[in-house]
Asker: 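Sharing a structure with you now.
Positions are given from 1, in the same order as the sequence printed here. It should be emphasised that the depicted structure is a prediction, and the values quoted were computed from it without experimental measurement.
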Amino acid sequence: MTEYLDQYGTLALWLQTLIALAALVAVAGAVNWLLKRVLLRFAAPYLDDRTDTPDRGAAWLATVIPLLIISRGIVLVPHLPEAVVTVVVNVVRALIVLSVAMAISWALNYANEVYARRPEARSRPIKGYVQVVKIAVFCGAAILMIAVLIEQSPLLLLSGLGAMAAVLLLVFKDTILSLVASVQLTSNDMLRVGDWIEMPSMDADGDVVDIALHTVKVQNFDKTITTIPTHKLIADSFRNWRGMTDSGGRRIKRALVLDQNSVRFLDEGEVDGLKRFRLLDAYLARKQQEIADWNGHALAGDDDAVNARRITNIGTLRAYVIAYLQSHPRVAGGDFTLMVRQLPPGPQGLPLEVYCFADTIEWEEYEGIQADIFDHLLAILPEFGLRIYQQPSGLDLARLGSNAP
């Protein structure tokens with residue numbers, strides 16, 4: 001024990017300093033434990049039980065008190081060099097600034113989480129703005145920490161930022177572009193979480209799952225994730241399918257390519273045979289009356305059939321397809337467009353395009369409705385004396401060769 005005493009019988013100076021430091025650390029640790037393990041746990045039931053974000057923010061804020069104890073108590077430690085005291089005080093003060101900044105950051109996170117629970121948050125997320133505020137908070141904290149460490153006024157550091165403006169603009173170029181893009185996307189309601197978008201330039205085709213300051217995440221239909229810089233959504237074009245989703249209908253636009261050699265007039269027997277189709281009753285009655293009136297007026301005794309108007313198989317098919325679509329239970333009516341039209345003929349045949357809307361936006365249901373419609377139309381074509389155009393296959397050529405003399 002004597003080795004720890006000086007010549008006057010008192011504790012050595014280094015031992016006094018060590019004991020004081022240990023006592024200071026113990027007091028700060030005890031206060032930290034009481035605040036975080038006792039007080040915060042007692043207050044936990046009164047905080048939001050759906051997330052632990054407030055708890056984390058409160059824990060960072062509670063860290064300030066032990067740090068204040070250290071910064072105030074270090075000057076009371078005996079026989080500690082002044083330079084050491086200054087360094088410890090400056091470092092602890094810098095840590096206090098960091099703790100407050102972290103507490104503000106978690107408070108902003110909690111504000112974003114609370115806002116995300118509101119109905120309008122889906123169409124107008126504030127995550128990008130929260131990130132901008134957090135960047136400003138941490139930049140301010142960094143300036144204050146440096147000012148505390150070098151014991152200079154923050155205004156002195158800020159006065160030097162003017163010369164660094166060009167460098168800062170270069171460093172934060174993407175942040176500035178993304179901030180402007182986020183404002184435009186939000187204010188113009190161009191993008192929401194849950195929207196289906198297509199952006200071929202970024203290989204994106206799927207649902208928006210997250211909108212942040214710098215990036216927008218899109219989950220493609222193959223479950224991959226495409227990350228798009230926010231400013232790219234302003235600089236480049238993309239397709240948003242929200243209008244289709246909101247309308248409740250999905251467009252069917254597909255053509256039957258008919259063999260032009262099968263297009264012809266129908267004789268009276270064939271017309272009578274088509275009258276067994278209930279969907280054609282009104283069309284055939286109206287068309288026959290119209291043609292009879294025109295022929296009776298325009299022919300004036302001319303019996304040559306080439307000068308008369310007659311019913312065609314392709315025109316009757318168009319009328320049948322329109323009536324079939326109008327009566328289909330899964331084809332949307334009302335304000336949705338429904339038509340059957342001929343596209344320009346070409347070497348591949350005569351396209352007869354079906355343009356209508358299914359009454360669902362679900363992909364699987366939509367494909368099933370579309371397939372059912374065209375299954376029926378392909379099967380019904382022979383009733384009108386029409387054929388689908390199809391390029392000769394190897395089997396066709398083999399059959400042709402087998403029939404050759």
Asker: Any heavy-atom pair between the side chains of Met190 and Leu233 that's under 4.5 Å?
Answerer: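 Contact flag for Leu233/Met190 side chains = no.
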
Asker: Go through the side-chain N and O atoms of Gln370 and Lys253 and say whether any donor and acceptor fall under 3.5 Å apart.
Answerer: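 On atom types as modelled, these side chains do not qualify, holding no pair under 3.5 Å.
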
Asker: State whether the number of non-hydrogen atoms from other residues, nucleotides or ligands found under 6.0 Å of Lys232 atom NZ is greater than 12.
Answerer: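 Counting other residues, nucleotides and ligands, NZ of Lys232 stays at 12 neighbours or fewer.
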
Asker: How long is the span from the CD1 atom in Ile211 to the CG atom in Leu191, to the nearest 0.5 Å?
Answerer: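 That separation rounds to 4.0 Å.
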
Asker: Quick one: do the Asp195 and Asn240 side chains pair a donor with an acceptor below 3.5 Å?
Answerer: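 The answer is yes; a qualifying pair exists.
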
Asker: Are Arg264 and Glu270 close enough for a salt bridge, meaning some N to O gap below 4.0 Å?
Answerer: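 Salt bridge: yes.
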
Asker: Can you tell me if Lys287 and Thr316 form a side-chain donor-acceptor pair at under 3.5 Å?
Answerer: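 Judged by distance alone, the side chains do not pair up.
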
Asker: With a 4.0 Å cut-off on N to O distance, would you call Asp52 and Arg56 a salt bridge?
Answerer: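 Yes.
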
Asker: Do Arg387 and Asp259 meet the salt-bridge criterion of a basic N to acidic O distance under 4.0 Å?
Answerer: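 The answer is yes: the pair qualifies as a salt bridge.
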
Asker: Can you tell me if Lys217 has over 12 outside heavy atoms packed within less than 6.0 Å of its NZ?
Answerer: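 Counting neighbours around NZ of Lys217, 12 or fewer heavy atoms of other residues, nucleotides or ligands fall under 6.0 Å, so no.
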
Asker: Arg72: which residues meet the salt bridge (charged side-chain N to carboxylate O under 4.0 Å, His left out) condition with it, sequence neighbours left out?
Answerer: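 Applying salt bridge (charged side-chain N to carboxylate O under 4.0 Å, His left out) to Arg72 gives none.
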
Asker: Kindly indicate whether the side chain of Leu381, heavy atoms from C-beta on, has any atom under 4.5 Å from the side chain of Leu317.
Answerer: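 In short, these two side chains touch, coming nearer than 4.5 Å.
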
Asker: Return the minimal non-hydrogen interatomic distance between Ser237 and Met199, and the atom names on each side.
Answerer: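 Here Ser237 and Met199 meet closest at O-CG, 3.8 Å.
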
Asker: If you define the side chain from C-beta out and look only at heavy atoms, does anything of Phe221 sit under 4.5 Å from Asp205?
Answerer: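 Result yes, sub-4.5 Å side-chain heavy-atom pair found.
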
Asker: What is the distance from atom CZ of Arg192 to atom OG1 of Thr245, rounded to the nearest 0.5 Å?
Answerer: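 Rounded to the nearest 0.5 Å, the CZ-OG1 separation comes out at 10.5 Å.
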
Asker: What do you reckon, is CG of Asp335 surrounded by more than 12 foreign heavy atoms closer than 6.0 Å?
Answerer: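 12 or below, so no.
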
Asker: Is any side-chain heavy atom of Thr337 closer than 4.5 Å to a side-chain heavy atom of Phe357?
Answerer: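 SC-SC contact between Thr337 and Phe357 confirmed.
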
Asker: Could you grab the distance from atom OG of Ser71 to atom CG of Leu24, nearest 0.5 Å is fine?
Answerer: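 Rounded to the nearest 0.5 Å, the OG-CG separation comes to 9.5 Å.
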
Asker: For Arg309 and Ile291, work out which heavy atoms get closest and say how close.
Answerer: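 It is O-CG2, 3.0 Å.
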
Asker: Under 4.0 Å between a side-chain nitrogen and a carboxylate oxygen: does that hold for Glu362 and Arg250?
Answerer: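 Salt bridge absent between Glu362 and Arg250.
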
Asker: Is it the case that atom CZ in Arg37 sees more than 12 heavy atoms from other parts of the structure closer than 6.0 Å?
Answerer: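 No, CZ of Arg37 has 12 or fewer neighbouring heavy atoms, counting only those of other groups under 6.0 Å.
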
Asker: In terms of ring plane angle, is the pair Tyr324 and Tyr320 parallel, tilted or perpendicular, where the classes change at 30° and 60°?
Answerer: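 Correct class here is parallel.
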
Asker: Between OG of Ser105 and CD1 of Ile135, what distance do you get to the nearest 0.5 Å?
Answerer: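 That separation rounds to 11.0 Å.
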
Asker: Report yes if the side chains of Ile225 and Val218 come closer than 4.5 Å at any heavy-atom pair, otherwise no.
Answerer: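 Sidechains of Val218 and Ile225: no contact.
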
Asker: Identify whether the distance between the nearest side-chain nitrogen and carboxylate oxygen of Arg278 and Asp281 falls below 4.0 Å.
Answerer: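 No, no charged N to carboxylate O under 4.0 Å.
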
Asker: Check the side chains of Glu353 and Gln342 for a donor-acceptor pair under 3.5 angstrom, ignoring hydrogens and angles.
Answerer: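 On atom types as modelled, these side chains do not qualify, holding no pair under 3.5 Å.
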
Asker: Flag the pair Tyr283 / Phe277 as yes when their ring centroid distance falls below 6.0 Å, and as no otherwise.
Answerer: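 No.
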
Asker: Any chance you could measure Tyr366, atom OH, to Ile361, atom CD1, to the nearest 0.5 Å?
Answerer: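 So the OH of Tyr366 and the CD1 of Ile361 are separated by 13.0 Å.
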
Asker: Checking His214 now: which residues fulfil side-chain hydrogen bond (donor to acceptor under 3.5 Å, both in side chains) with it, not counting sequence neighbours?
Answerer: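 side-chain hydrogen bond (donor to acceptor under 3.5 Å, both in side chains) list for His214, sorted by chain: Thr175.
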
Asker: So, Thr53 versus Asn109: side-chain donor-acceptor pair below 3.5 Å or not?
Answerer: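 Their side chains do not contain a donor-acceptor pair, so the 3.5 Å distance test is not met.
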
Asker: Relative to the ring of Trp196, is the ring of Trp241 parallel (under 30°), tilted (30 to 60°) or perpendicular (over 60°)?
Answerer: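 If you compare the ring of Trp241 with that of Trp196, the planes turn out parallel.
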
Asker: Do the charged groups of Arg276 and Glu383 touch, with an N to O distance under 4.0 Å?
Answerer: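 Looking at Glu383 together with Arg276, the answer is yes, because their closest N to O distance falls below 4.0 Å.
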
Asker: Does any part of the side chain of Val31, heavy atoms only, come nearer than 4.5 Å to the side chain of Ile69, both counted from C-beta?
Answerer: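 Answer yes - side chains close enough.
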
Asker: Taking side chain as C-beta onward, heavy atoms only, is Met202 less than 4.5 Å from Pro229?
Answerer: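 The answer is yes; the side chains approach within 4.5 Å.
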
Asker: I need the single residue from Val87, Val88, Val92 that forms a side chain to side chain contact (heavy atoms under 4.5 Å, CB included) with Ile74. Which is it?
Answerer: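 Testing each of Val87, Val88, Val92 against Ile74, the sole residue satisfying side chain to side chain contact (heavy atoms under 4.5 Å, CB included) is Val88.
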
Asker: Can you confirm whether the side chains of Trp363 and Glu367 place a donor and an acceptor under 3.5 Å from each other?
Answerer: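 Note: Trp363 and Glu367 side chains meet the donor-acceptor criterion.
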
